[in-house]
Amino acid sequence: MNALIVVLFSAELSAQGLPDPTALAKAPTSSWPTYNGDYSGRRFSPLKQINTANVHQLSLAWIHRANTGGGGGGTRLSATPIQINGVLYFSAPDHVWAVDARTGREIWHYTWQSKGGLHIGNRGVAAYHNWLYFETPDCHLVALNMKDGKERWRRQICDLDKFYFATMSPLVIRNHIVTGVSGDDLDAPGYIEAHDPETGDLQWRTYTVPMKAGDPGIESWPSLEAAQHGGGMTWITPTYDPELNLIYFGTGNPQPVIASKGRKGDNLFTESILAVNPDNGKMAWYFQVSPHDTHDWDGVETPVLINGEINGQKRRLLAQASRNGFFFVLDRATGKNILTTEFVKTNWTSDVDKIGRPIPNPAKELQIDGALVTPNQGGGTNWYPPSFSPDTGLFYVNANRAFSVYYIFDPSDKPEGWGGNDRSVYGEAMLQAIDYKTGKIRWSRKWEGQGTRGGVLSTAGGLVFAGDTTGNFIALNAATGQPLWHAGLGGSVSNGPITYEMDGNQYVLVSSGDTLFSFVMNSPVK
Amino acid sequence: MRLLILLVTVFLVAFSQGRPQRAPGAGVGPDDKHIPDPTGAERGKKLYAAECINCHGTQARGTERGADLIRSTVVLKDRSGIQIGDFLNNNQHKLQVTPAGQLTREQHLDLAHFLHGLVLSTLRRTQDVLDVLTGEAKAGAAYFNSEGKCAGCHSGTGDLKGIGRRYEPVQLQQRFLFPRGSAFGRRFGGGPQGKPVTLEVTPAGGKTAKGTLVFLDDFNVALRDDQGEYQSWKRTPGLKVVKNDPLQLHAEMLDKYTDKNIHDITAYLESFK
């Protein structure tokens with residue numbers, strides 16, 4: 001083990017006041033410097049100025065409506081903002097803003113001239129020293145100056161002509177900018193890359209499906225051609241264990257997505273959690289959460305790193321609440337499965353196999369005349385980030401129990417692209433608090449209505465912050481699930497909430513639609 | 001105002017056809033992607049059948065004799081037949097029917113219209129349900145009258161009379177699985193909202209108000225009563241709220257149906273003419 005890697009820096013910000021990318025092994029307090037706050041993906045803050053006793057006093061500091069310059073409206077902020085030195089940086093497809101965290105006023109706004117691509121969302125920007133990085137729907141990684149939003153360089157990271165697009169918030173590890181790609185309209189292979197932060201040059205690319213004869217996983221595809229077009233996109237920011245020097249990320253659905261006749265087999269490494277060395281892109285291990293998926297259940301959801309205890313033994317764990325409705329706990333050094341349980345009731349499996357994988361029931365695969373399946377295509381959960389509190393030992397995730405009918409449109413032997421799809425029937429939504437040691441649901445808060453799409457934050461103040469289905473942003477007691485405070489945002493929470501301390505006050509930020517809301521625990525006026 | 005009416009009309013037309021319509025490939029891929037011209041694509045199809053089909057297959061997805069052209073970089077990078085034409089003219093592609101260089105620029109363009117049309121028709125939401133009428137109406141009837149308990153609330157000669165005429169089979173399947181339009185996600189069923197959810201709200205020591213649900217969450221509740229009055233309350237421990245969803249049973253049934261039940265019921269409902 002390289003000793004340098006294990007050094008934890010005590011200061012969050014280096015002497016020049018610039019974010020030190022090596023300091024992120026520790027949860028931040030005065031900043032929120034990356035998509036997940038720190039490398040672990042826990043979205044747990046050690047701050048407790050806002051706590052169960054006083055959260056009812058939490059009040060609005062300001063709101064900021066993101067203006068794309070096109071007359072307003074329409075933008076959905078699904079980005080988790082980052083906050084460094086009192087400035088917030090966040091994005092929407094083709095747009096990046098810098099906003100004063102004290103006032104909510106815009107400092108600068110950068111607009112990218114788009115050449116196309118699906119404008120479904122952008123998860124945020126990454127910071128490295130003086131620079132910001134973000135991905136565009138038309139397949140570019142763009143570097144900006146932090147101080148004025150001027151473009152420094154741009155690099156193509158995917159091929160728009162092959163219907164790729166890009167949404168991921170990049171991850172900075174030392175001198176690597178890790179990027180991922182999206183796109184499941186046509187049948188293209190997924191991959192993850194690292195770029196040089198100074199020049200943007202490609203350092204490595206690792207495909208998530210076999211690309212040549214003899215590649216690992218090739219035996220899980222009927223042919224090389226099927227594997228090379230097998231999907232497995234990489235669209236959620238990885239987490240990172242500095243001691244093991246491994247990044248962890250989930251991969252998306254296999255292609256062709258629903259109609260699977262032309263890809264018999266497990267379809268590795270789609271819908272898998274992968275552990276990869278950030279210095280060279282080499283895979284250390286994989287665990288497939290959905291072998292041979294036929295329901296578009298991208299296994300990309302944040303792999304959350306937990307330092308916990310299983311049967312009295314200290315373990316380095318990784319937990320994922322996956323879109324297929326299952327909760328997984330793995331040993332993050334080896335990828336060995338420790339636990340597989342449902343976090344919402346599902347109907348698509350016949351069993352969980354010896355190595356912890358849910359095995360699909362062929363009857364629920366897909367039918368010309370319709371197969372009723374739960375979760376629906378939206379999933380038991382989706383991209384919105386979950387949270388883990390080491391204080392309660394609970395993993396919090398906004399979940400959906402929804403049904404839809406899956407139809408096959410193209411029954412031929414070689415379907416391509418979207419040879420099938422689902423139609424939603426009915427759904428329920430709830431916030432689940434899962435005990436990572438047992439996988440049992442400790443408490444569940446069912447929302448009225450359906451379709452939650454918001455992230456979760458937990459804090460040492462004994463709180464969980466999450467959105468419901470009717471447009472409330474809610475603080476709940478982390479141990480019991482009892483709501484203690486709420487604010488109606490006028491629309492559903494659309495990103496992952498964050499928190500930090502500034503000028504002696506703790507703030508909580510969340511977005512809904514095109515609006516960023518900043519809440520604060522005020523001090524008495526002197 | 002006129003714009004609004006227009007938008008609403010477009011929306012209704014889209015839904016009355018059972019699903020939201022959009023141009024194939026709208027919003028995905030490059031903005032300057034080749035949008036096929038239908039007449040050119042028709043000519044291209046004939047040309048393809050004469051010149052290419054033997055090797056590249058009926059759907060251009062490849063055979064042992066020729067590559068998949070839907071996944072072909074040459075085709076995906078092509079605009080207006082130029083790249084496809086260059087490939088045919090300059091390449092080692094020796095085996096073509098009409099020798100290299102002898103197809104015209106217009107013919108390359110027509111082939112491009114045809115091939116790009118095939119590419120776009122493999123994208124999300126470009127294809128549709130084939131056939132849901134595969135079940136046995138008789139088995140559906142048996143389920144309707146016994147296990148499914150449907151007959152407790154419905155009958156083929158009463159409220160469901162003519163339902164087989166009112167909906168396309170796939171809509172019918174969606175309607176009975178859950179008859180209310182869902183508030184999120186893709187739901188294509190269309191049709192009326194059906195009986196609303198009702199509420200009974202009783203403040204501590206007060207009179208019970210009854211009405212149709214307008215809003216309900218963990219913190220507030222609102223209804224519209226028989227007189228059309230809107231009433232709302234903050235939810236407190238003393239406030240009793242009883243919710244009555246006439247479709248509760250429909251929701252619970254989703255955990256019970258087998259897919260065979262569903263196909264049989266669809267066939268049975270389709271017979272209610």
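Throughout, a chain's letter reflects where its sequence line sits, starting with A, and its residues are numbered from 1.
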Original post:
Taking side chain as C-beta onward, heavy atoms only, is B:Phe219 less than 4.5 Å from A:Ile474?
Top reply: yes

**OP:** Take A:Asp413 and B:Arg61 through the salt bridge (charged side-chain N to carboxylate O under 4.0 Å, His left out) test and state the conclusion after the steps.
**Re:** CA-CA 11 Å; A:Asp413 285 339; B:Arg61 292 177 185 172; over 6 Å; no

**OP:** Taking all heavy atoms of B:Ala251 and all of A:Tyr426, pick out the closest pair and write down the distance.
**Re:** CB-CZ, 3.6 Å

Original post:
What pair of heavy atoms forms the shortest contact from A:Leu160 to B:Pro30, and how long is it?
Top reply: O-CD, 3.2 Å

**OP:** Begin from the C-alpha positions of A:Asp161 and B:Lys77 and carry the test salt bridge (charged side-chain N to carboxylate O under 4.0 Å, His left out) through to its verdict.
**Re:** CA-CA 6 Å; A:Asp161 287 334; B:Lys77 297 252 164 228; 3.1 Å; yes

Original post:
Which residues pass the salt bridge (Lys or Arg N to Asp or Glu O under 4.0 Å) test with B:Asp86, sequence neighbours left out?
Top reply: none

Subject >> A:Glu448, CD: over 12 other non-hydrogen atoms inside 6.0 angstrom >> reply: yes

Subject >> Modelled atom types, side-chain donor and acceptor of A:Tyr407 and B:Gln173, under 3.5 Å >> reply: yes

Subject >> chain B contact via A:Asp468 - side chain, backbone, both or neither, heavy atoms under 4.5 Å >> reply: side chain

Original post:
Are any of the side-chain heavy atoms of B:Thr134 and A:Ile368 separated by less than 4.5 Å?
Top reply: no

**OP:** Answer with side chain, backbone, both or neither: which region of A:Ala363 has an atom nearer than 4.5 Å to a non-hydrogen atom of chain B?
**Re:** backbone

Subject >> Over all atoms of both residues, closest heavy-atom pair of B:His263 and A:Gly370 >> reply: NE2-O, 2.6 Å

Original post:
Taking C-beta and beyond as the side chain, do A:Arg401 and B:Asp255 meet within less than 4.5 Å on heavy atoms?
Top reply: yes

**OP:** Tell me, out of B:Val119, B:Leu254, B:Leu133, who's got the most heavy-atom pairs with chain A below 4.5 Å.
**Re:** B:Leu254

Subject >> Winner by heavy-atom pair count (cut-off under 4.5 Å) against chain B, out of A:His486, A:Gln228, A:Lys414 >> reply: A:His486

Subject >> Winner by heavy-atom pair count (cut-off under 4.5 Å) against chain B, out of A:Gly420, A:Gly449, A:Pro411, A:Pro415 >> reply: A:Pro415

Original post:
By a 4.5 Å heavy-atom criterion (distance strictly below it), what part of A:Lys115 contacts chain B: side chain, backbone, both, or neither?
Top reply: backbone

Subject >> Residue pair B:Gln127 / A:Asn421, side-chain heavy-atom distance below 4.5 Å >> reply: no

Subject >> Any side-chain heavy-atom pair of B:Leu177 and A:Phe403 under 4.5 Å >> reply: no

Subject >> Neighbour count >12 (heavy atoms, 6.0 Å) for atom CD1, A:Ile120 >> reply: no

**OP:** Output the distance between atom CG (B:Leu120) and atom CZ (A:Phe163), rounded to the nearest 0.5 Å.
**Re:** 6.0 Å

Original post:
So, are B:Lys260 and A:Asp369 salt-bridged, with charged N and O less than 4.0 Å apart?
Top reply: no

Original post:
Side chain, backbone, both or neither: which part of A:Ser412 has a heavy atom under 4.5 Å from chain B?
Top reply: side chain

Subject >> Structural part of A:Phe165 lying under 4.5 Å from a heavy atom of chain B >> reply: neither

Subject >> Portion of A:Glu225 that has a non-hydrogen atom of chain B nearer than 4.5 angstrom >> reply: both

**OP:** Please check if any side-chain donor atom of B:Asp218 sits under 3.5 Å from a side-chain acceptor atom of A:Asn472, or the reverse.
**Re:** no

Original post:
Is a side-chain donor or acceptor of A:Asp185 paired with a backbone partner of B:Leu123 at a separation under 3.5 angstrom?
Top reply: no

**OP:** Show the numbers, then the answer: is there a side-chain contact (heavy atoms from CB on, under 4.5 Å) between B:Val129 and A:Phe409?
**Re:** CA-CA 5 Å; B:Val129 177; A:Phe409 304 158; 3.7 Å; yes

Original post:
Please walk me through it: do A:Leu186 and B:Arg71 pass side-chain contact (heavy atoms from CB on, under 4.5 Å)?
Top reply: CA-CA 8 Å; A:Leu186 283 187; B:Arg71 296 170 169 179; over 6 Å; no

**OP:** Check the pair B:Tyr257, A:Leu372 against side-chain contact (heavy atoms from CB on, under 4.5 Å), reporting the backbone distance first and the verdict last.
**Re:** CA-CA 8 Å; B:Tyr257 300 122; A:Leu372 181 68; 4.3 Å; yes

Original post:
Who among A:Ile408, A:Asp138, A:Asp187, A:Thr374 has the most heavy-atom pairs with chain B under 4.5 Å?
Top reply: A:Asp187

**OP:** Among A:His119, A:Lys162, A:Lys345, A:His229, single out the residue with the greatest number of heavy-atom pairs under 4.5 Å to chain B.
**Re:** A:His229

Original post:
Where does B:Lys33 contact chain A at under 4.5 Å (heavy atoms): side chain, backbone, both or neither?
Top reply: side chain

Original post:
What option among B:Ile70, B:Val170, B:Asp78 has the most heavy-atom pairs under 4.5 Å with chain A?
Top reply: B:Val170

**OP:** Can you tell which part of A:Asp159 gets under 4.5 Å to a heavy atom of chain B, answering side chain, backbone, both or neither?
**Re:** side chain

Original post:
Which answer fits B:Ile262, side chain, backbone, both or neither, if we ask what part of it has an atom under 4.5 Å from a heavy atom of chain A?
Top reply: side chain

